[in-house]
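Remarks on the structure that follows.
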Amino acid sequence: MAKFINEPSHTFNEYLLIPGYSSSECIPANVSLKTPLVKYKKGETPAITMNIPMVSAIMQSVSGDKLAVALAKEGGVSFIYGSQTIEDQAAMVKRAKDHKAGFVSSDSNVRPDATLADIIALKEKTGHSTVAVTDDGTSEGKLLGIVTGRDYRVSRMSVDTKVETFMTPFDQLVVAKEGTTLKEANDIIWDHKLNSLPIIDDEQRLRYFVFRKDYTSHKKNPNELLDSNKRYVVGAGINTRDYAERIPALVEAGVDVVCIDSSEGFSEWQQRTIAWVREHYGDSVKIGAGNVVDAAGFRFLADCGADFIKVGIGGGSICITRETKGIGRGQATALIEVCAERDKYFEETGVYVPVCSDGGIVYDHHITLSLAMGADFVMLGRYFARFDESPSNKVSIGGTYYKEYWGEGSARARNWQRYDLGGDKKLSFEEGVDSYVPYAGSLKDNVAMTLAKVKSTMCNCGALTIPELQEKATLTLVSATSIVEGGAHDVIQKDKTSLK
């Protein structure tokens with residue numbers, strides 16, 4: 001007969017934090033959200049520490065190279081999705097790493113025989129006004145010239161006009177050689193009153209651009225997460241099938257950390273994957289694992305050597321695993337049990353293995369609740385899918401903008417590796433849906449607002465760091481009636497859209 005757990009499992013929405021004593025020092029400006037991404041031994045410093053407790057989900061509709069750069073600027077890490085070819089994923093990682101805190105790979109390029117129509121179409125596609133003209137039309141071709149908005153007038157020129165006739169040719173450009181530092185590049189930009197500076201190699205091949213606007217951008221991002229070479233920290237998802245080919249390509253591209261993307265991590269497949277990494281790379285490659293929902297699952301993956309462990313099965317907004325398979329657990333209950341085991345493991349071994357809460361985050365305050373329950377950071381899908389930087393399309397429905405958002409277990413993604421149990425290489429049935437989420441604008445603005453709420457709540461609990469929150473927090477279960485009471489009730493709300 002099956003083992004029964006008669007206590008119900010709970011979700012974040014069933015808990016509230018009890019306020020604690022707040023000293024005059026407890027103001028949001030004094031709160032630190034630094035948190036370890038990977039395991040470390042007692043008394044040592046983690047190899048990677050994030051400045052904010054947020055990572056993006058390993059999903060096609062969430063984590064591409066643009067979101068990786070945007071999130072790293074805010075202090076978090078994006079895990080570029082693995083349900084694509086090894087070459088394409090490695091290229092995404094490389095683009096994000098090559099962004100290099102000011103050195104940007106060009107993604108707007110044409111050949112000299114292209115036309116004004118091509119320039120207009122490219123600008124509409126990328127939104128960029130600076131276009132590199134190279135001999136082969138690629139970002140690494142021989143630089144022949146540049147086209148900016150000052151080089152043409154749509155109203156006075158034929159769309160058939162060749163680019164080579166109106167571009168600013170190479171001999172009229174101010175350029176710098178590869179090896180120029182960012183400070184030197186910015187000095188050249190200011191001295192020559194440029195908007196952009198091409199960086200070329202000894203064969204005149206384009207390597208990067210440095211833009212005037214990025215100088216201000218970096219001054220505005222004090223939390224940006226950089227590696228030892230001042231490149232953005234970037235993660236990537238892997239599976240338990242082609243890891244022997246995928247991981248070397250990702251390492252070559254410069255990836256900082258990988259994570260096994262799986263709906264269920266308590267398996268021999270993950271054990272084999274981690275063992276392969278340790279055999280071939282030792283501890284130099286950082287690898288996260290999961291997902292699990294209980295102490296036994298955590299203990300298994302920790303003993304396997306995982307650098308961090310993800311918690312959560314079936315709690316994602318586009319996940320229907322619980323509905324289709326009857327597998328999973330309420331996210332709050334799963335997280336509380338796993339974090340208790342994490343602390344016990346630390347006491348026994350002296351090794352601290354960070355826990356990532358993956359799924360079940362609906363409101364911003366759920367992030368604070370998950371941190372109080374023991375999570376070191378949270379993984380978010382729907383949250384990041386809403387932003388400009390996610391890879392999905394923005395669509396207008398009934399006059400309102402939305403972003404497309406689909407699960408890795410949906411027919412659209414067909415990421416069979418994520419649900420692989422060693423059988424046929426196919427997705428036998430769906431465990432995710434295809435949907436839309438309300439468009440929310442830029443990542444930077446939204447993350448700033450979310451973290452402002454987290455910091456404010458931490459101050460209400462008298463905590464200035466995440467470990468202090470976990471030590472001081474008091475949580476209480478609430479009834480269904482209390483949940484209703486917690487929102488606006490017994491009033492007629494004004495229509496906010498009618499207010500001027």
Salt bridge check: are Lys177 and Asp202 linked by an N-O gap of less than 4.0 Å?
-> yes

Relative to the ring of Phe166, is the ring of Tyr152 parallel (under 30°), tilted (30 to 60°) or perpendicular (over 60°)?
-> perpendicular

Which atom pair, heavy atoms only, marks the closest approach of Pro53 to Asp376?
-> CB-O, 3.7 Å

Where do Leu143 and Gln204 come nearest, in terms of heavy atoms and distance?
-> O-NE2, 2.6 Å

Short question: side chain of Gln89, backbone of Ile80 - any donor-acceptor pair under 3.5 Å?
-> yes

Any chance you could measure Leu144, atom CG, to Glu164, atom CD, to the nearest 0.5 Å?
-> 9.5 Å

Check ion pair Lys142-Glu203 (N to O, under 4.0 angstrom) | no

CD (Glu252) with more than 12 external heavy atoms under 6.0 Å = no

Please state whether the rings of His366 and Phe12 are parallel, tilted or perpendicular, taking 30° and 60° as the class boundaries.
-> tilted

Do Asn13 and Val362 have side-chain heavy atoms sitting under 4.5 Å apart?
-> no

Any sub-3.5 Å donor-acceptor pair from Thr457's side-chain atoms to Lys453's backbone N or O?
-> yes

Over 12 non-hydrogen atoms of neighbours within 6.0 angstrom of NZ in Lys394 | yes

With side chain to side chain contact (heavy atoms under 4.5 Å, CB included) as the test, would you mind laying out the steps for Phe384 and Met59 before giving the verdict?
-> CA-CA 10 Å; Phe384 287 117; Met59 300 176 68; over 6 Å; no

CG/Asn109 to OG1/Thr130 distance, rounded to the nearest 0.5 angstrom?
-> 11.0 Å

Can you check whether Tyr40's main-chain N or O pairs, donor with acceptor, with Glu44's side chain at less than 3.5 Å?
-> no

Could you check Val69 against Asp65 for side chain to side chain contact (heavy atoms under 4.5 Å, CB included), going step by step and ending with a plain yes or no?
-> CA-CA 6 Å; Val69 170; Asp65 52 292; 5.7 Å; no

Distance from Asp358 atom CG to Phe377 atom CZ, nearest 0.5 Å?
-> 10.0 Å

Are Arg278 and Asp283 close enough for a salt bridge, meaning some N to O gap below 4.0 Å?
-> yes

Check against side chain to side chain contact (heavy atoms under 4.5 Å, CB included), Val311 and Met373 | CA-CA 12 Å; Val311 176; Met373 291 173 182; over 6 Å; no

Donor-acceptor contact present, side-chain Asp227 to main-chain Val233, <3.5 Å = no

Which class fits the ring pair His365 and Tyr363: parallel under 30°, tilted 30 to 60°, perpendicular over 60°?
-> parallel

Donor-acceptor pair, Tyr405 side chain versus Arg382 backbone, under 3.5 Å?
-> yes

Tell me, with the steps shown, if Lys94 and Asp98 meet salt bridge (Lys or Arg N to Asp or Glu O under 4.0 Å).
-> CA-CA 6 Å; Lys94 189 175 187 302; Asp98 283 350; 2.7 Å; yes

Please report the shortest heavy-atom distance between Leu250 and Gly237, naming the atom on each side.
-> CD1-O, 4.4 Å

Do you see a donor-acceptor pair shorter than 3.5 Å between the side chains of Ser78 and Ser56?
-> yes

Any side-chain donor-acceptor pair under 3.5 Å between Thr273 and Thr240?
-> no

Would you say Lys403's side chain and Ala385's backbone share a donor-acceptor pair under 3.5 angstrom?
-> no

Is there a donor-acceptor pair under 3.5 Å between the side chain of Asp136 and the backbone N or O of Thr138?
-> yes

Kindly indicate, with the supporting measurements, whether the criterion side chain to side chain contact (heavy atoms under 4.5 Å, CB included) is fulfilled by Arg207 and Phe103.
-> CA-CA 9 Å; Arg207 299 297 296 133; Phe103 292 89; over 6 Å; no

Does Ser63 use its side chain to pair, donor to acceptor, with the backbone of Ala57 at less than 3.5 Å?
-> yes

How many angstroms lie between atom OG1 of Thr35 and atom CE of Met54, to the nearest 0.5 angstrom?
-> 12.5 Å

d(Asp113 CG, Asp135 CG) to nearest 0.5 Å is 11.0 Å

Would you check, one step at a time, whether the test side-chain hydrogen bond (donor to acceptor under 3.5 Å, both in side chains) holds for Asn221 with Lys444?
-> CA-CA 10 Å; Asn221 297 306; Lys444 183 178 182 63; 2.7 Å; yes

Counting only N and O atoms by type, is there a donor-acceptor contact under 3.5 Å from the side chain of Asn51 to the main-chain atoms of Asn223?
-> yes

OH-OG1 distance between Tyr439 and Thr400, expressed to the nearest 0.5 angstrom | 13.0 Å

So does Met157 have more than 12 non-hydrogen atoms from other groups sitting under 6.0 Å from CE?
-> yes

Donor-acceptor pair, side chain of Asp307 and main chain of Ile287, under 3.5 angstrom = yes

Would you mind reporting whether Glu389 and Ser442 have side-chain heavy atoms less than 4.5 Å apart?
-> yes

